[in-house]
Amino acid sequence: MCQGVAEQFGTPVWLYDRATIEARITELQSFDVVRYAQKANSNLGLLSLMRKHGVVVDAVSAGEIVRALRVGFSPREKVSGIVFTADLFDRDALDLVRIHRIPVNIGSPDMIAQLAEAGIQVPLTVRVNPGFGHGHSRKTNTGGTLSKHGVWHKQLKDTIKVGKEKGLPISGLHMHIGSGSDFHHLSQVCGAMVEAAKLVGSDLHSISAGGGLPIPYRKDQLERIDVAAYFKLWDEARKQIEAEVGHPVALEVEPGRYLVAESGYLIAQLRSIKKVGNRLFYLIDAGFNDLVRPAFYGSWHHISVIPADGRDLGSARVNAIVAGPLCESGDVFTQEEGGFVVHRELPVAKVGDYVVLHDAGAYGAAMSSNYNSRRLAPEVLWSNGKPLLIRERQSFDHLLALDKIPVELS
Ligand code: LLP
């Protein structure tokens, strides 16, 4: 599938497997609401697929609201198709929330006053910072006093009061302690939620466990998160809360990575093999402008080689550093947090072979940039045995479209 897609669409190219996404959606069906954190990958084709399966979305920016509306998510459904969740409103987002009456999950107390000032009446939930957090990197830990996210748990009571006074009662609670966390840390959130729920009382109609569900990036890491056990913990918390507030409470989950990461491959071509001292470099035509996670977090992505000429790769392995085309030495896919370059045991490859970075469906294309004026790569969805193009390769005209040369400079 990878080689055919590379030959048809060129490299670098993103490939997502529809069946994998659908399998992950099915695994989460015990939750009342699966709300996809579209920041992981907001391609309209993938959002449409989510919608087809009854998954709703969150939006963290005006652009994400526009994307959700474009594929038909409606904020008017009983369970809103879109919830705007953020720690501040910029003007564009506030305008869209007003125009489309989009429910808001507030992450800062000031947002209530801003809604009231703008005369906006929408259902409100609060993202609470429970005082602790955990993520796969310091950059993805969203709890505790060093995090900008959420309403500090000790301010929740006041925030609820202000909401009531301004005619904007809080009807839901949300906790997301970090991304790429683990079962142990995620499960601690349930207790914090039960405590927070007592403060809201009978106005409470929904709770969200947030996202953060990890996936096994390393192929030697066989254990997957036990989704059924995770649901059970949350369901128990929900039942305690229902007993407290005296009516049913909907249980949401808000994963990004879990739904799409494993479906995705970044397929590149090996363009140069060179020795630097005694080190071996495999240079490929994708860079951190495409997949930034290794450079930004020191993240591990499994790497495989596909022989372009169909030869048998055999069992011989070499230690290679896999790097991209960017004019910056940090453009290396085999590095650890802090920028320490490491090698990977890989097959003996030839120029022209394909190199595939795995588990790249989440925070891959979504975090791409035009650095070094490289064009955004196309995205392809493998669906029922065939490739569907869901984003074209950016054209050079599009790359330059927004730049202006003022007359006095021409
Ligand atoms: N909900 C909220 C409020 C979030 O802030 C996030 C992620 C999610 C849900 C989804 O988290 P997930 O299920 O995907 O772990 N760029 C980083 C991840 C940053 C996540 C930011 N917020 C990475 O590449 O690992």
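Since the structure is predicted, the reported quantities are computational estimates derived from the model, not experimental observations. Order of appearance sets the numbers: ligands from 1, and atoms from 1 within every ligand.
Neither side chain, Q240 nor E236, offers a donor N or O lying under 3.5 Å from an acceptor on the other. No hydrogens or angles considered: a donor-acceptor pair under 3.5 Å links the side chains of R257 and S179.
In this structure, the side-chain contact (heavy atoms from CB on, under 4.5 Å) partners of P75, at least two apart in sequence or on a different chain, are L69, S80, I82, H100, I102, P103. Not counting sequence neighbours, the partners of R238 by the side-chain hydrogen bond (donor to acceptor under 3.5 Å, both in side chains) test are D32, D235. Residues that satisfy the ring-ring contact (aromatic ring centres under 6.0 Å, His included) test with H153, not counting sequence neighbours, are absent from this structure.
Under a cutoff of 6.0 Å and an axis angle of 45°, R344 and W300 form a cation-pi pair.
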Between ligand 1 and the protein, find all N/O pairs closer than 3.5 Å and give the distance for each.
| unit_1 | atom_1 | unit_2 | atom_2 | d |
| --- | --- | --- | --- | --- |
| ligand 1 | 1 (N) | E254 | OE1 | 2.6 |
| ligand 1 | 5 (O) | K39 | NZ | 3.1 |
| ligand 1 | 13 (O) | G212 | N | 2.8 |
| ligand 1 | 13 (O) | G256 | N | 2.9 |
| ligand 1 | 14 (O) | G256 | N | 3.4 |
| ligand 1 | 14 (O) | R257 | N | 2.7 |
| ligand 1 | 14 (O) | Y363 | OH | 2.6 |
| ligand 1 | 15 (O) | S179 | OG | 2.4 |
| ligand 1 | 15 (O) | G212 | N | 3.3 |
| ligand 1 | 16 (N) | Y297 | OH | 2.6 |
| ligand 1 | 24 (O) | R293 | NE | 2.6 |
| ligand 1 | 25 (O) | H136 | NE2 | 2.6 |
| ligand 1 | 25 (O) | R257 | NH1 | 3.2 |
| ligand 1 | 25 (O) | R257 | NH2 | 2.9 |
| ligand 1 | 25 (O) | R293 | NE | 3.4 |
| ligand 1 | 25 (O) | R293 | NH2 | 3.0 |

